[in-house]
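Have a look at the structure below, then the notes.
Quick note: numbers below take in every heavy atom, side chains included, and nothing from hydrogens, waters or symmetry partners.
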Amino acid sequence: AGVIEQSRFFYVPTVEYKIQAQLAGIGCGFLPRPRVQHLLDSGALIELQVAEPRPVADQFMAWKLVNRGKGLQKLTTMLAKALA
């Protein structure tokens with residue numbers, strides 16, 4: 001997301017692949033702190049400060065249309081309240 005201007009980008013299928021790419025030294029970028037805190041604590045990854053903090057993007061929830069039960073309704077209500 002524009003960490004380095006005019007850089008080449010490559011895409012990975014999951015956050016885990018992104019973490020592994022950064023551990024291998026072939027990428028940089030934003031990672032969810034809860035997923036990498038142990039790597040920061042051990043020194044395997046280092047946190048860099050950026051000039052402009054990354055804006056928080058809109059958050060969306062998605063699920064298969066066949067899932068419409070009361071459990072899903074309760075879960076989406078709880079998530080919407082937690083993210084509000």
*asked:* Apply side-chain contact (heavy atoms from CB on, under 4.5 Å) to residues Ile19 and Leu39 and explain how you reach the verdict.
replied: CA-CA 10 Å; Ile19 293 168; Leu39 297 169; 3.7 Å; yes
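How far CG of Leu45 is from NE2 of His38: 8.5 Å, rounded to the nearest 0.5 Å.
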Can you give the donor-acceptor pairs under 3.5 Å from side chains of residues 20-30 to other protein atoms, not counting sequence neighbours?
unit_1	atom_1	unit_2	atom_2	d
Gln20	NE2	Glu16	OE2	3.0

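Among residue pairs with one or both ends in residues 69-78, none qualify as side-chain hydrogen bond (donor to acceptor under 3.5 Å, both in side chains); sequence neighbours excluded.
Partners of Glu47 under the side chain to side chain donor-acceptor pair (under 3.5 Å) rule, at least two apart in sequence or in another chain, are Arg33.
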